[in-house]
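Remember, it's a predicted structure, so these values are computed and weren't measured experimentally. Order of listing sets the numbers, starting from 1, for every ligand and every atom in it. Hydrogens, waters and symmetry mates are skipped; everything else that's a heavy atom, side chains included, is used.
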Amino acid sequence: MIYNKDFMGDHPLVKQLITYDETDSTNVRAKELISQGVGNGTLILADRQTQGRGRMGRSFSSPAGDGIYMSLILTPPLAPEKCSMLTLIAALSACRALDSVSGLHTQIKWPNDIICEGKKLVGILTEYIPVQERDYVVIGVGMNINNREFPAELKKAGSLFSLTGKAYDREVIILHMWTDFCERYNAFLKTGDLSVFRQEYEDRLIHMNREVFLIPTERTAAAGSAEEASLEGLAPVYCTGISANGALVCKNPDGSEFSVSAGEISLRY
Ligand code: BTN
């Protein structure tokens, strides 16, 4: 057994752990398990994914032993449009977990890529799944932890190992992440917005008070990534933070402010 069956102990949020040595995608597993009646607080964990999925139809490299590939099933008592904010909360928890074990200072590329020293360490794919009488959210988190090498095409990928030269216990990081997330989740359910996390999030925002290019999602998807997308016809804007509902707030050169939601654009800084 690669993961210890009961390493989450008696956790206040993660009530059930389902582990796989290998699966296609923990998000896909989560959706299938939901249809079979598995519910709130179930964490699906795989040592390896054969078809790890990223945002905008991309794949997520998921070799055995190196990374953390997991999906948490939640049934938040929230309006559907509020569920995307869980992604930003998960990003903060991922940062905290990685920083606490490694001593690094991780940052966030809005909305939910975790970056350190120019390398992407974590990706998060949150999916909203309406099912007849109850709405589910699956928070899929992929973390590069002990990876020593990456496929050549992943020029921007890094791991805790590649940055610190040390190997880490994945169970410790997972426990840390969801314990931190649990506290934030309870606070979020009370306010229904990100107001209490906004400052902390902006402090971690890598392009805060910097010029950014807002790239239409279709252009990013066609190019494969925001880094490869053409910037033709796009003028930079100035990032001034996030709104209480997690939208990116930017300023035009004429000083007028506007906000964009995560589905509309991807970003290059
Ligand atoms: C991204 O960077 O575009 C998001 C990547 C999300 C990857 C995780 S790994 C666990 C879960 N299962 C998946 O297939 N995807 C997410």
Side-chain angles (χ1 to χ4, degrees), residues 2-3 14 17-34 38 42-74 83-84 86-95 97-98 106-116 118-129 136-147 150-151 153-160 170-171 173-174 177-178 181 206 215 217 220-229 262-263 265-268:
I2 286 150
Y3 281 103
V14 179
L17 191 60
I18 298 178
T19 61
Y20 298 90
D21 290 352
E22 177 181 302
T23 191
D24 47 0
S25 151
T26 55
N27 271 32
V28 172
R29 275 316 93 234
K31 279 186 242 178
E32 192 177 279
L33 287 161
I34 287 169
V38 164
T42 302
L43 183 66
I44 327 286
L45 190 54
D47 185 51
R48 169 172 186 253
Q49 294 184 126
T50 53
Q51 291 173 60
R53 298 166 57 224
R55 292 172 64 224
M56 289 185 233
R58 290 188 293 248
S59 60
F60 188 84
S61 171
S62 312
D66 292 336
I68 294 172
Y69 320 112
M70 59 184 171
S71 302
L72 181 66
I73 299 173
L74 293 175
C83 290
S84 61
L86 292 169
T87 297
L88 282 78
I89 298 174
L92 283 174
S93 296
C95 284
L98 296 189
T106 52
Q107 291 183 285
I108 300 172
K109 178 187 171 200
W110 181 85
N112 55 16
D113 283 349
I114 311 300
I115 313 280
C116 191
K119 298 291 185 188
K120 175 169 163 175
L121 302 182
V122 178
I124 302 176
L125 177 65
T126 298
E127 299 188 81
Y128 179 75
I129 302 163
Y136 292 81
V137 172
V138 173
I139 304 176
V141 183
M143 297 177 151
N144 300 327
I145 305 298
N146 297 322
N147 313 55
F150 291 93
E153 65 276 15
L154 296 181
K155 297 184 193 72
K156 289 237 160 194
S159 67
L160 284 193
R170 293 178 297 175
E171 294 181 0
I173 297 171
I174 295 166
M177 155 112 199
W178 296 117
F181 179 86
I206 197 163
I215 308 169
T217 305
T220 303
S225 72
E227 281 66 39
E228 286 158 310
I265 57 115
S266 60
L267 175 156
R268 196 183 314 168

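- Between Ala90 and Ile139, the shortest heavy-atom distance links the atoms CB-CG2, 3.9 Å.
- Per-residue contacts place Arg55 under 4.0 angstrom from the following atoms of ligand 1 (heavy atoms of the residue considered): 1 (C), 3 (O), 4 (C).
- Counting the atoms of ligand 1 from 1 in the order shown, those under 4.0 Å from a heavy atom of Gly54 are 1 (C), 3 (O), 4 (C), 5 (C).
- Listed here is the closest heavy atom pair of Gly52 and Ser62: CA-OG, 3.9 Å.
- Here the straight-line distance linking atom OH of Tyr3 with atom CD1 of Ile174 works out to 4.0 Å at 0.5 Å rounding.
- Counting heavy atoms closer than 4.0 Å to ligand 1, residue Ile124 contributes backbone atoms (N, CA, C, O) but none from C-beta onward.
- For the pair Glu227 and Arg58, the salt-bridge criterion is not met [side-chain N within less than 4.0 Å of a carboxylate O].
- Against a heavy-atom cut-off of under 4.0 Å, Gly142 is close to the following atoms of ligand 1: 7 (C), 8 (C), 9 (S).
- Below 4.0 Å from some heavy atom of Thr26 lie the following atoms of ligand 1, by number and element: 10 (C), 11 (C), 12 (N).
- From the protein, the heavy atom lying nearest to atom 16 (C) of ligand 1 is Arg53 O, 3.7 Å.
- In this structure, the side chain of Arg268 engages the main chain of Ala229 through a donor-acceptor pair within 3.5 Å.
- Between the CD atom of Glu153 and the OG atom of Ser225 there is a distance of 11.5 Å, given to the nearest 0.5 Å.
- For atom 9 (S) of ligand 1, the nearest non-hydrogen atom of the protein is Gln49 NE2, 3.4 Å.
- Look at Lys120 and you'll find a heavy atom under 4.0 Å from some atom of ligand 1.
- Near Gly52, the atoms of ligand 1 lying under 4.0 angstrom from a non-hydrogen atom of the residue are 14 (O).
- Under 4.0 angstrom from ligand 1, the non-hydrogen atoms of Met70 all belong to its backbone.
- Regarding atom 5 (C) of ligand 1, its nearest protein heavy-atom neighbour is Phe60 CD1, 3.5 Å.
- Side chains of Arg29 and Thr23: a donor-acceptor N/O pair is present below 3.5 angstrom, by distance only.
- Within the 3.5 Å criterion, the main-chain N or O of Lys155 finds a donor-acceptor partner in the side chain of Lys119.
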